[in-house]
Trainee: 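There's a structure below that I have some questions on.
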Amino acid sequence: FTPKVAYIFIKNDIQKFVTKNTRKLPEADFKKLMSMAEELAPSQWIAPNPIYDNETTEKVLNGNLESIAPTRGFMQHGQCIIRQGEVVTDEDFRILESLRRDYEQNNTAGYSYIFLGQSVIYIMLFVLIYLFFRTFRREIFYQTKYSALILVMITFTIAMMSIVIRYHLVNIWLLPFLLLAIIIKTFFDTRTGMFLHIVTCVAVSFLTPNSFEYFVMQFIPGYFLLMSYEKLNRRSQAFLTSIICFALYAVIYISFELIYTGLPNEVNYHNLIPLGLNCIMLLMAYPLIYLFEKLFGLLSDVTLLELADSN
């Protein structure tokens with residue numbers, strides 16, 4: 001019984017009792033009985049009395065959880081998932097991701113060779129960095145603090161992207177990749193920043209599902225940022241740079257969507273939200289630069305202005 005059902009049941013029972021005994025009682029007693037029935041208020045003394053049974057609840061919950069199928073749909077042996085040139089829909093992408101995860105879990109030897117191949121590529125990229133600084137930037141190469149800063153930033157960026165992509169923590173477009181270009185531009189010249197930006201884009205692109213798209217999405221705004229970000233002491237320029245980077249992100253993303261879908265109404269504009277948050281987080285460059293200054297003993301334009309302030 002719920003309180004409402006119990007109230008209706010008791011009220012109907014009282015009415016049946018009164019109707020049944022109408023002719024058996026004298027008129028005076030009948031009037032008293034009617035007044036008593038009218039004065040009764042079952043809602044005042046009806047209260048729910050459920051008791052929580054933890055053991056039964058756990059059994060039912062575990063049974064429902066066990067009945068949930070760990071898979072969705074099925075694929076037959078030899079069935080074609082997608083043909084070359086077809087548009088990859090959300091359902092196709094889920095099937096391909098499921099195939100990739102199953103391959104990585106059941107084919108440990110193959111995954112080991114994949115890891116080996118990626119490691120060789122990363123070693124070659126770091127060798128390129130070594131040759132560049134050894135040949136063209138000896139003044140940076142022979143200073144430990146600059147070399148440590150470059151290695152820490154690039155390694156941290158690659159490791160963070162690898163963790164986020166492998167465990168699907170957040171949307172990859174939400175990570176402010178261009179912070180690396182801003183920090184490098186602050187402490188080094190434009191050519192050095194461009195070389196490190198390209199190398200890092202290539203290294204991170206190997207980890208993403210669509211390597212070419214990610215490389216173009218990060219390379220073009222990063223190139224613009226390195227060419228236009230001249231003075232860190234101008235806060236307005238940092239704000240305008242974030243806005244322009246978002247505009248470039250949006251144009252490149254919509255262009256890729258039009259290439260994939262061929263229809264403007266099929267473009268998923270919701271992905272512009274993480275790109276916008278990405279550009280907002282570029283404003284965190286100021287506190288990060290201060291942190292790197294303290295950790296590696298470096299100087300930026302902002303610190304030099306503070307030291308030159310006579311007050």
Side-chain angles (χ1 to χ4, degrees), residues 122 125-126 129 140 145-165 169-208 211 213-250 252-253 271-303:
Y122 292 143
L125 292 175
F126 278 103
I129 296 174
I140 298 176
K145 58 183 180 181
Y146 290 124
S147 301
L149 174 64
I150 293 170
L151 291 176
V152 166
M153 288 193 301
I154 295 178
T155 305
F156 178 79
T157 302
I158 296 174
M160 182 60 65
M161 290 294 297
S162 176
I163 294 172
V164 169
I165 294 173
L169 299 179
V170 294
N171 193 323
I172 59 174
W173 300 119
L174 190 62
L175 300 178
F177 181 83
L178 296 182
L179 275 177
L180 177 66
I182 295 176
I183 296 173
I184 291 176
K185 175 65 175 178
T186 303
F187 298 110
F188 305 103
D189 59 289
T190 302
R191 182 177 296 180
T192 302
M194 182 59 63
F195 175 78
L196 294 176
H197 177 64
I198 294 174
V199 171
T200 310
C201 285
V202 173
V204 174
S205 297
F206 282 111
L207 304 173
T208 58
S211 301
E213 179 182 356
Y214 187 84
F215 178 84
V216 174
M217 287 281 292
Q218 301 298 343
F219 171 73
I220 295 178
Y223 182 88
F224 169 81
L225 190 149
L226 290 168
M227 292 299 176
S228 62
Y229 208 91
E230 297 179 356
K231 294 295 183 182
L232 184 67
N233 52 7
R234 298 178 183 176
R235 290 175 296 179
S236 60
Q237 186 180 8
F239 181 73
L240 291 176
T241 301
S242 299
I243 295 177
I244 296 174
C245 286
F246 173 72
L248 291 174
Y249 271 141
I252 299 170
Y253 170 76
N271 285 334
L272 294 176
I273 297 176
L275 291 174
L277 296 176
N278 182 339
C279 294
I280 292 175
M281 286 189 287
L282 294 180
L283 300 176
M284 295 190 330
Y286 278 94
L288 287 178
I289 289 171
Y290 176 78
L291 177 63
F292 283 119
E293 284 182 335
K294 297 304 180 182
L295 290 177
F296 296 96
L298 304 174
L299 288 176
S300 65
D301 293 340
V302 176
T303 303

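Predicted, not measured: the structure shown is a model, and the values here were computed from it.
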Trainee: Check Lys145 against Leu298 and note the closest heavy-atom contact, atom names and distance.
Mentor: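 Looking at all heavy atoms of both residues, the closest pair is CD-CD2, 3.6 Å.
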
Trainee: For residues Ile140 and Ser147, report the shortest heavy-atom separation together with the two atoms involved.
Mentor: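 Where Ile140 meets Ser147 most closely, the heavy atoms are O-OG, 3.5 Å.
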
Trainee: Looking at Ser242 and Leu282, what are the two nearest heavy atoms and their distance?
Mentor: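 Here Ser242 and Leu282 meet closest at OG-CB, 3.9 Å.
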
Trainee: So, taking the atom named OG1 in Thr192 and the one named CD1 in Ile184, what distance separates them when rounded to the nearest 0.5 Å?
Mentor: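 If we round to the nearest 0.5 Å, Thr192:OG1 and Ile184:CD1 are 9.0 Å apart.
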
Trainee: So with a 6.0 Å cut-off around CZ of Phe188, is the heavy-atom count from everything else above 12?
Mentor: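 Counting other residues, nucleotides and ligands, CZ of Phe188 exceeds 12 neighbours.
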
Trainee: When rounded to the nearest 0.5 angstrom, what is the spacing between OH in Tyr146 and CG in Leu151?
Mentor: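 Between atom OH of Tyr146 and atom CG of Leu151 there are 15.0 Å.
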
Trainee: What distance separates Leu180 CG from Thr157 OG1, expressed to the nearest 0.5 Å?
Mentor: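 It is 4.5 Å, given to the nearest 0.5 Å.
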
Trainee: Parallel under 30°, tilted from 30 to 60°, perpendicular over 60°: which one fits the rings of Phe219 and His197?
Mentor: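 Phe219 and His197: parallel rings.
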
Trainee: For residues Tyr249 and Met217, report the shortest heavy-atom separation together with the two atoms involved.
Mentor: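 Between these two residues, the closest heavy atoms are CE2-O, 3.0 Å.
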
Trainee: So, Thr200 side chain and Ile154 main chain: donor-acceptor pair closer than 3.5 Å or not?
Mentor: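 No.
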
Trainee: Tell me, with the steps shown, if Met281 and Leu174 meet side chain to side chain contact (heavy atoms under 4.5 Å, CB included).
Mentor: CA-CA 9 Å; Met281 286 189 287; Leu174 190 62; 4.2 Å; yes

Trainee: For Leu178 and Pro221, work out which heavy atoms get closest and say how close.
Mentor: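 Residues Leu178 and Pro221, closest heavy atoms: CD1-CB, 3.8 Å.
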
Trainee: I want to check something: taking the side chain as every heavy atom from C-beta on, are Phe195 and Val199 in contact at a cut-off of under 4.5 Å?
Mentor: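 When only atoms from C-beta onward are counted, Val199 and Phe195 do touch, with a gap below 4.5 Å.
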
Trainee: With rounding to the nearest 0.5 angstrom, report the CD to CD1 distance, Gln218 to Ile252.
Mentor: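 With rounding to 0.5 Å, CD (Gln218) is 9.0 Å from CD1 (Ile252).
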
Trainee: So, do Ile158 and Val204 sit near enough that their side-chain heavy atoms are less than 4.5 Å apart?
Mentor: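 When only atoms from C-beta onward are counted, Val204 and Ile158 do touch, with a gap below 4.5 Å.
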
Trainee: Ignoring hydrogens, what is the shortest heavy-atom contact between Thr186 and Ile289? Give both atom names and the distance.
Mentor: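 Shortest heavy-atom contact: OG1-CD1, 3.3 Å.
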
Trainee: Just do the side chain to side chain contact (heavy atoms under 4.5 Å, CB included) check on Phe177 and Cys201 with the steps written out, would you?
Mentor: CA-CA 9 Å; Phe177 181 83; Cys201 285; 3.5 Å; yes

Trainee: Kindly determine whether Tyr214 and Met161 satisfy side chain to side chain contact (heavy atoms under 4.5 Å, CB included), including the steps that lead there.
Mentor: CA-CA 12 Å; Tyr214 187 84; Met161 290 294 297; 3.3 Å; yes

Trainee: Considering residues, nucleotides and ligands other than Phe296, do more than 12 of their heavy atoms fall under 6.0 Å from its CZ?
Mentor: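 Counting other residues, nucleotides and ligands, CZ of Phe296 exceeds 12 neighbours.
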
Trainee: Can you tell me how far apart CE (Met227) and NZ (Lys185) are? Round to the nearest 0.5 Å.
Mentor: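 That separation rounds to 8.0 Å.
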
Trainee: Measure the CH2-CG distance between Trp173 and Leu272 for me, rounded to the nearest 0.5 Å.
Mentor: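 If we round to the nearest 0.5 Å, Trp173:CH2 and Leu272:CG are 11.5 Å apart.
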
Trainee: For the pair Tyr223 and Ile198, evaluate side chain to side chain contact (heavy atoms under 4.5 Å, CB included) and give the outcome as yes or no after the intermediate values.
Mentor: CA-CA 9 Å; Tyr223 182 88; Ile198 294 174; over 6 Å; no

